[in-house]
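Since we're looking at a predicted model, the values are computed, not measured. Along the sequence shown, the residues carry numbers beginning at 1.
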Amino acid sequence: MSFSLGQLGLIILGYLGVLFTAAYAVEKNWVPRRWVRHPLVYILSLGVYASAWAFYGSVGLASQYGYGYLSYYLGISGAFVMSPILLRPLLNISRIYQLSSLADLLAFRYRSRLAGILVTLFMLAVVVPMLTLQLTAIADTLHILNSDWKAPQLAFGFCLIMILFAVLFGARHVSPREKHEGLVFALAFESLLKLAAILTLAGVALFGVFSETGGLEQWLITNQDRLNQQATLQEGPWRTLLLIFFAAAVVMPHMFHVVFTENVNGQALQPASWGFPLFLLAMAMAVPPILWAGVYLDLDLPAEYFALGIGIKLGSPALVVLTFLGGLAAASGIIIVITIAMAAMLLNHVVLPIHKPSPKADFYRWLLWVRRSLIAAILLLAYGFYALVGADLNLNRLGLLAFVAAVQFLPGILGLLYWPQSNRKGFLTGLIAGIVCWTYSMLLPFSEMNLGWHVPLPLPPVDEFNWYLAALASLGTNTVLFVLVSLTTRQKPSEVSAAEACSIDTVSRPSRRPLIAGNSNDVIVSLSKPLGRYVAEREVYQALSDLDLPSYEDRPYALRRLRARLEANLSGLMGPTVAHDITSRYLPFQENAELSEDIYQIEQRLEGFHDRLSGLAGELDNLRRYHRQTLERLPIGVCSLADDGEILMWNQAMVDLTRIESQQVSGSHLDRLPSPWHELLSDFVASPQMHEHKKRVDIDARPRWYSLHKALLQPSGGQPGGTVVLMEDQTETRLLEEELMHSERLASIGRLAAGVAHEIGNPITGIDSLAQLIRYETDNPDMQEMADQIQEQTKRVTRIVQSLMNFAHAGHHSTEHEPVLISHCIDEAMQLLRLSKRSQDIEFCNECDPELLLLGDAQRLVQVFVNLLSNARDASQRGDSIRVTADADEHQVSLKVIDQGHGIPADKVDRIFEPFFTTKDVGSGTGLGLALVYSIIEEHYGHITIHSPVSDGHGTCVKVSLPRYNPIKEVEPQA
């Protein structure tokens, strides 16, 4: 069975076009986001691990190692089952520090530019054989289906097609830091296609191929001798295979890229820990039927291509096309992901350290074209290896070369997670030794037949049966040197901090070091030197947005967070080494600054480790969280300060008292607080007093009172020092105290009034009797008029005393209300005041309607206006006028007493009606007049307000509102 080159080309371009369309649909939001980010999509995208070696080469592994082929699936499944202690920590580190590749991760941990460069270059030893394997598989299958073209020519054509599609998938946009959700969705689609193709092929093998022999079981019984090798589990290689495939989850560049870099849902690792092994189990189950069907059909093909040979032997073009599509999906997916990941590694760790564009250049576009060029170079390098060596190596040899080279990174990763004492010297020494051993014991012997080289080895020649000895030797040498050198050399301080950041069982202890840059604008100016103004502004504003901070920020804590976020973002853009160099050089910390631990950030990191703590550590963390919650929920405001005044804690009660959110002040100094809190807290912290009771603070022109307490924390045993300030709102207590004092004053007035009434009553009675005697014993009209006036004044004195008694009895209201001509009351009050010499130079004007009626007590209303007019008189100067006006509606009369005096100070207006409070000089007033006025107005169901000044800083207007008298008109009967 043969296909034309045009047909095969149409199949390849059609499939890749469909794959790109799926990715493009995701980018354009044509696919619902809940589908794209569903954990099932992530699980299926991990199927990129099942490359052409899984689709074709697993059959060859089964033919060569028997059931040992299962190690390809079981090894990586074990890594995902152990994801809580292996994959999850690496995912957290990669996300926090924006590490997009294995080279980024190891360069960050060991703080070495050389580590990043060597890991990247040595990763080529993994990538080139792996890509060559895919090119070999596709070229061989194309040659099987069309023998008119040689396999190298077909491989070159396929290589060019994959360069185009790898650029479309991974280097089409200007920004190289974005997540490729479309690519992940496309990988999930191709995994479904691979799974469907291999399961269909296995079904055909089970129910189609063996139908003539009575079924697969009968054929296996009759051909046991023929299948002995496939049914055994060889003693040596399978354990090594299990190890290298276990490591593949984190050391293979395509797996690192999909598992960590493209992961947009951190919770998806949990279902992937069992979902991905199930996917691999389904693929693994299809391998033995395909192998046995190929043996039964006696296919004249290598075991790797039995899958394709079954369709050809059965004469089924549809089965052949489906199988070819499955192999194409397996090869194309891994080619795209590997080239994207490898291009980023080369850019970050080889190109940028050597050459960075000018700050005036378009940095993002430059990065884009460099990535495109690197993608093409990587695939052409793989084709060069294929043409030179790989064409004569089978899929198993190529796969083993790649995976054994990749396992050399495993000691460094385990040291990153579990051994904080490991250092860069140990890592680099072990890695170099392992790669040299791999090159000498595996690469050169496997390629000897093609290059004509003779490699003298002290060990037996390496072949497909004892390769695992060379693999164990290279890994063992690597691990031993890594441990020995790390134990005998010291770490640098930067390595110690990186180890704390990466280790899964420790929490780093960041210090509160201030930056030289004083605000976010200074950060932009500093970064403009290496990056250019446009890139610097874009990166700084992006980091501020990521941290949910305002566009302008000058808090020390916020600037430290901004610096860390910028380094992480730049790490994702140009690698951790270059990013660390830029931030260290252009955003340095202040020298000789006092260092103390950043308690807030330590606590934030402890929160991130909460779910990993158990035993005593878990109990201690629960106790910490309980105490933290206790402080947060205290009904008293708590503010914790560092030695330099930086705010470390601002609990919910402080938020309620000040209406300032904790996020706005955490990490800032007290002088950043708005007024009046800055003055209140700064003065108290600076004072030697440990307690301050009922400190008055005016907020929104209203007084409030707060009690303050503080405690000094002395540094000891690694615990930082500082100050704890407690603040309690005492406003309600102060108001209650004032109300109690007011009540006491009223009680005193009551006792005074009772005494006054008793003492004044007898003389007044005597005076009244004498006045009556004078009136009855004389006929002189003048004397009789004088007696009448004396009697009238005695009655007035009696009423005044009674009014004082009424005022002293809270809640007592007069019920003797009758219609009153308010104008007459005002005239009477003015007439009384005119009797005084102090009123002779003051003009009193009554502008009220003479017919205006109120319902009330005329005598008590006269008292009101006597007090109001006398106060207005005392505040006026000679020649001033005092006017009384009236405005009335249907239900209410508004009376205004307006003077031209000096006015009342604004801070005393609220207290003007308090008993014994006066603005007059000592001896000039008792402070009872307006209190009595207020009481009488309340008895008349009215209210009184004072506005001062009236105009130009002078004058006072007292407004009295009283109910109007409305007589009930009689209704005439209707006729």
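Here the CG-CD1 distance, from Leu328 to Ile11, works out to 9.0 Å after rounding to the nearest 0.5 Å. Rounding to the nearest 0.5 Å gives a distance of 9.5 Å between CG of Leu183 and CD of Glu27. Taken to the nearest 0.5 Å, the CG atom of Leu241 stands 10.0 Å off from the CZ atom of Phe403. Rounding to the nearest 0.5 angstrom, the gap separating the CD1 atom in Ile338 from the CD1 atom in Ile378 is 9.5 Å. Interatomic distance, Met162 CE to Ile375 CD1, rounded to the nearest 0.5 Å: 10.5 Å. How far OG1 of Thr141 is from CZ of Phe55: 10.0 Å, rounded to the nearest 0.5 Å.
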Step by step, would you call Val321 with Phe3 a side-chain contact (heavy atoms from CB on, under 4.5 Å)?
-> CA-CA 10 Å; Val321 171; Phe3 291 81; 3.9 Å; yes
Determine, stepwise, if the pair Leu91 / Val259 fulfils side-chain contact (heavy atoms from CB on, under 4.5 Å).
-> CA-CA 8 Å; Leu91 176 62; Val259 174; over 6 Å; no
Starting from the C-alpha separation in whole Å, work towards a yes-or-no answer on side-chain hydrogen bond (donor to acceptor under 3.5 Å, both in side chains) for Asp104 and Ser100.
-> CA-CA 6 Å; Asp104 288 355; Ser100 58; 3.0 Å; yes
Hey, mind stepping through Phe260 and Val250 against side-chain contact (heavy atoms from CB on, under 4.5 Å) and telling me if it holds?
-> CA-CA 9 Å; Phe260 305 121; Val250 293; 4.0 Å; yes
Please walk me through it: do Ile138 and Leu154 pass side-chain contact (heavy atoms from CB on, under 4.5 Å)?
-> CA-CA 8 Å; Ile138 298 301; Leu154 296 171; over 6 Å; no
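For Phe156, the CZ atom is loosely surrounded, since the number of other residues' heavy atoms within 6.0 Å does not exceed 12. More than 12 heavy atoms of other residues, nucleotides or ligands sit less than 6.0 Å from atom CG of Asp148.
The aromatic rings of Tyr49 and His254 sit parallel to each other, their planes meeting at less than 30°, with 60° as the upper class boundary.
With hydrogens and angles ignored, the 3.5 Å screen pairs a side-chain donor or acceptor of Thr339 with a backbone N or O of Ile336. A donor-acceptor contact shorter than 3.5 Å links the side chain of Gln134 to the backbone of Met130. In this structure, the side chain of Thr21 engages the main chain of Gly17 through a donor-acceptor pair within 3.5 Å. A distance-only check finds a donor-acceptor pair linking the side chain of Thr132 to the backbone of Ala382 [under 3.5 Å]. With hydrogens and angles ignored, the 3.5 Å screen pairs a side-chain donor or acceptor of Ser83 with a backbone N or O of Phe80. In this structure a side-chain-to-backbone donor-acceptor pair under 3.5 Å is present from Arg95 to Asn263. Between the Glu262 side chain and the His180 main chain, a donor and an acceptor come within less than 3.5 Å of each other. With hydrogens and angles disregarded, no donor-acceptor distance shorter than 3.5 Å links the side chain of Tyr386 to the backbone of Leu131. Looking only at distances, no side-chain donor or acceptor of Tyr24 sits under 3.5 Å from a matching main-chain atom of Gly182. The main-chain N or O of Val59 is never found under 3.5 Å from a side-chain atom of Ser63 such that the two would form a donor-acceptor pair.
Annotation for His143 and Ala151: closest pair ND1-N, 4.1 Å, computed over non-hydrogen atoms. Between Tyr15 and Ala329 the shortest heavy-atom distance is OH-CB, 3.2 Å. Minimum heavy-atom separation, Ser101 to Thr261: N-OG1, 4.3 Å. Nearest heavy atoms, Ala79 versus Leu86: CB-CD2, 4.1 Å. Considering all non-hydrogen atoms of both residues, Pro253 and Met123 come closest at CD-SD, 3.7 Å. For the residue pair Ala137 and Ala52, the shortest heavy atom distance occurs at CB-CB, 3.6 Å.
Residues Pro39 and Gln267 form no side-chain contact, since every pair of their non-hydrogen atoms from C-beta on lies 4.5 Å or further apart. For the pair Trp149/Leu142, no side-chain contact is recorded, criterion being any heavy-atom separation below 4.5 Å from C-beta on. At least one side-chain heavy atom of Leu398 sits less than 4.5 Å from a side-chain heavy atom of Phe385. Under the 4.5 Å side-chain criterion, counting only non-hydrogen atoms from C-beta, Val337 is not in contact with Phe169. A 4.5 Å side-chain heavy-atom check between Trp35 and Val26 finds every atom pair outside the cut-off. Side-chain contact check for Arg37 versus Glu181: some heavy-atom pair is nearer than 4.5 Å. Between Leu61 and Val287, every side-chain heavy-atom pair lies at or beyond the 4.5 Å cut-off. Val407 has its side chain out of reach of Phe246: every pair of non-hydrogen atoms, C-beta onward, lies at least 4.5 Å apart.
Not less than 6.0 angstrom separates the ring centroid of Phe122 from the ring centroid of Trp438.
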Would you mind writing out the side-chain donor-acceptor pairs for residues 268-277 within the sub-3.5 Å range, not counting sequence neighbours?
| from | atom 1 | to | atom 2 | distance (Å) |
| --- | --- | --- | --- | --- |
| Ser273 | OG | Gln270 | O | 2.5 |

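Scanning for ring-ring contact (aromatic ring centres under 6.0 Å, His included) contacts around Tyr73 gives an empty result, with sequence neighbours left out.
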